[in-house]
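The structure appears right after this line, and notes come after that.
Only heavy atoms go into these numbers, but all of them, side chains included; no hydrogens, no water, no symmetry mates. For clarity, every value in this text was computed on a predicted model and none was experimentally measured.
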Amino acid sequence: MYAITDLAPRQALRPSRGLIPTPDGEQLYFEDMGHGPTLLFVHGWTMNTEFWERQTADLVRQGHRCVAYDQRGCGRSSPAVAGHDLDGLADDLATVIERLGLDRVTLVAHSMAACQVARYLSRHGVARVAGTVLVAGTAPGLFPDPASRTEPLAAQVTMLMADRPAFVAAMAEPFFAPEQVSPHLVAWGTGLVLRATLHAAIEHTRTNINADVRADMAAFTCPTLIVHGSADQSCPLEQSAELAHAMIPNSELLVYEGASHALPLTRSDRLSADIARFVRG
């Protein structure tokens, strides 16, 4: 078991991993690697820090400090009864930034975490943020019409309760499609998802479907890179990245032709290079 770390903002020897206590008594597992310009990786629906392992390995070797953490209820963070809504997840992100003393940090968010970052910026501002990278992000929200949310939410919660492994396996197909990947990568990715608690999976599903951050998008006043796959079936380009690009002044949109929602796994070399270029400015 990892001990809760006493995290001084400017400690000379920082821990490489540990648990960060939140104001409501939860514990967020984090990993902190490398030295240089700082990147903080925020995973999406029920994943964890390992989802980013290729990017963090690449970018540490290129001279960056890479921090990643498990959302509450996911991976090695503590199970949580509450705090899975966007406000709670945004406040967890603020806690990680504050407890690790991060400054001039670039936030790299995948999928639902793009909405989380939008809410973080609107609640906590950009004082500590150098830039944001939205990777296959769902912002400003996949279901802008509240009436369209009821049916998919009820169906997904029912399937999660009935047979979560089968539901996750079914979700893997549009997550990776149309790209061809090994069955081993699919099994590894679904394994990450199943390490979250069932409660977290259900609550994050509610958050993902109900997310509407149109009012928060004005808070993106820092440089922003938007990366999206043209063939993303989980989060279609025209319903997300193109709208975000139009709403964030001076943002840069990169479309990876033929890439899926899983592009951090399937296009990892290019994504790492594009993040490094963005950080260099």
Problem set entry | Within residues 165-193 or reaching into it, pairs that qualify as side-chain hydrogen bond (donor to acceptor under 3.5 Å, both in side chains) - sequence neighbours excluded | Glu179-Ser260, Glu179-Thr266, Glu179-Arg267
Sidechain-backbone polar pair: [X] side chain, [Y] backbone, donor-acceptor under 3.5 Å:
{"X": "Arg65", "Y": "Pro37", "result": "no"}
{"X": "His64", "Y": "Gly36", "result": "no"}
{"X": "Asn208", "Y": "Met112", "result": "no"}
{"X": "Asp70", "Y": "Thr49", "result": "yes"}
{"X": "Thr22", "Y": "Glu26", "result": "yes"}
{"X": "Asp212", "Y": "Arg214", "result": "yes"}
{"X": "Ser77", "Y": "Tyr29", "result": "yes"}
{"X": "Thr197", "Y": "Pro79", "result": "no"}
{"X": "His124", "Y": "Arg119", "result": "no"}

With a 4.5 Å cut-off on side-chain heavy atoms, are [Y] and [X] touching?
{"X": "Ile275", "Y": "Leu39", "value": "yes"}
{"X": "Pro21", "Y": "Arg99", "value": "yes"}
{"X": "Gln71", "Y": "Val42", "value": "yes"}
{"X": "Leu237", "Y": "Asp232", "value": "no"}
{"X": "Ser111", "Y": "His43", "value": "no"}
{"X": "Phe167", "Y": "Thr158", "value": "no"}
{"X": "Leu19", "Y": "Leu28", "value": "no"}
{"X": "Phe278", "Y": "Val133", "value": "yes"}

Exercise. How about His110 and His261: are their ring centres within less than 6.0 Å of each other?
Worked result: yes
Problem set entry | Aromatic ring proximity His199/His84, centre distance under 6.0 Å | yes
Look up atom [atom1] in [X] and atom [atom2] in [Y], then write down how far apart they are to the nearest 0.5 Å.
{"X": "Leu93", "Y": "Arg123", "atom1": "CG", "atom2": "CZ", "value": "11.5 Å"}
{"X": "Phe41", "Y": "Glu53", "atom1": "CZ", "atom2": "CD", "value": "12.0 Å"}
{"X": "His228", "Y": "Glu238", "atom1": "NE2", "atom2": "CD", "value": "8.5 Å"}
{"X": "Leu153", "Y": "Ser148", "atom1": "CG", "atom2": "OG", "value": "11.0 Å"}
{"X": "Leu40", "Y": "Thr106", "atom1": "CG", "atom2": "OG1", "value": "9.5 Å"}
{"X": "Ile97", "Y": "Asp92", "atom1": "CD1", "atom2": "CG", "value": "11.0 Å"}

Problem set entry | Distance under 6.0 Å and angle within 45° of ring axis: Arg270 vs Tyr256 | yes
So if you build clusters from Ile, Leu, Val, Met, Phe, Trp, Tyr with side-chain heavy-atom gaps below 4.5 Å, do [X] and [Y] land together?
{"X": "Leu86", "Y": "Leu107", "result": "yes"}
{"X": "Val181", "Y": "Met47", "result": "yes"}
{"X": "Val117", "Y": "Val67", "result": "yes"}
{"X": "Leu100", "Y": "Tyr69", "result": "yes"}
{"X": "Leu102", "Y": "Leu121", "result": "yes"}

Using every non-hydrogen atom in the two residues, find where [X] and [Y] come nearest and quote the distance to one decimal.
{"X": "Pro140", "Y": "Ser240", "value": "CD-O, 3.9 Å"}
{"X": "Thr95", "Y": "Pro23", "value": "OG1-CD, 3.7 Å"}
{"X": "Val186", "Y": "Ala172", "value": "CG1-CB, 4.0 Å"}
{"X": "Cys115", "Y": "Ala211", "value": "SG-CB, 4.0 Å"}
{"X": "Gly137", "Y": "Ala114", "value": "CA-CB, 3.7 Å"}
{"X": "Cys235", "Y": "Thr138", "value": "SG-CA, 3.7 Å"}

Exercise. Crowded around Glu151 CD? As in, over 12 foreign heavy atoms under 6.0 Å?
Worked result: no
Exercise. If you count the non-hydrogen atoms of other residues, nucleotides and ligands that lie under 6.0 Å from CG in Asn250, is the total more than 12?
Worked result: no
For this session: Starting from the C-alpha separation in whole Å, work towards a yes-or-no answer on side chain to side chain contact (heavy atoms under 4.5 Å, CB included) for Ile202 and Leu198.
Result: CA-CA 6 Å; Ile202 291 171; Leu198 174 60; 4.0 Å; yes
Is [X] salt-bridged to [Y], going by a charged N under 4.0 Å from an acidic O?
{"X": "Arg17", "Y": "Asp32", "value": "no"}
{"X": "Glu203", "Y": "Arg72", "value": "no"}
{"X": "Arg195", "Y": "Glu50", "value": "yes"}

Indicate whether the side chain of [X] and that of [Y] have a donor and an acceptor atom separated by less than 3.5 Å.
{"X": "Thr132", "Y": "Thr224", "answer": "yes"}
{"X": "Thr205", "Y": "Trp45", "answer": "yes"}
{"X": "Asp58", "Y": "Ser272", "answer": "yes"}

For this session: Report the C-alpha separation of His204 and Thr46 in whole Å, then their side-chain angles, then the decisive distance to 0.1 Å, and conclude whether the side-chain hydrogen bond (donor to acceptor under 3.5 Å, both in side chains) test is met.
Result: CA-CA 7 Å; His204 285 205; Thr46 65; over 6 Å; no
For this session: Go through the steps for Met33 and Glu31 under the test side chain to side chain contact (heavy atoms under 4.5 Å, CB included), then give the verdict.
Result: CA-CA 7 Å; Met33 303 153 280; Glu31 296 185 354; 4.1 Å; yes
For this session: Using the salt bridge (charged side-chain N to carboxylate O under 4.0 Å, His left out) rule, take Glu252 and Arg277 through it: C-alpha gap first, then chi angles, then the decisive distance, then the call.
Result: CA-CA 12 Å; Glu252 178 185 0; Arg277 174 190 59 77; 3.0 Å; yes
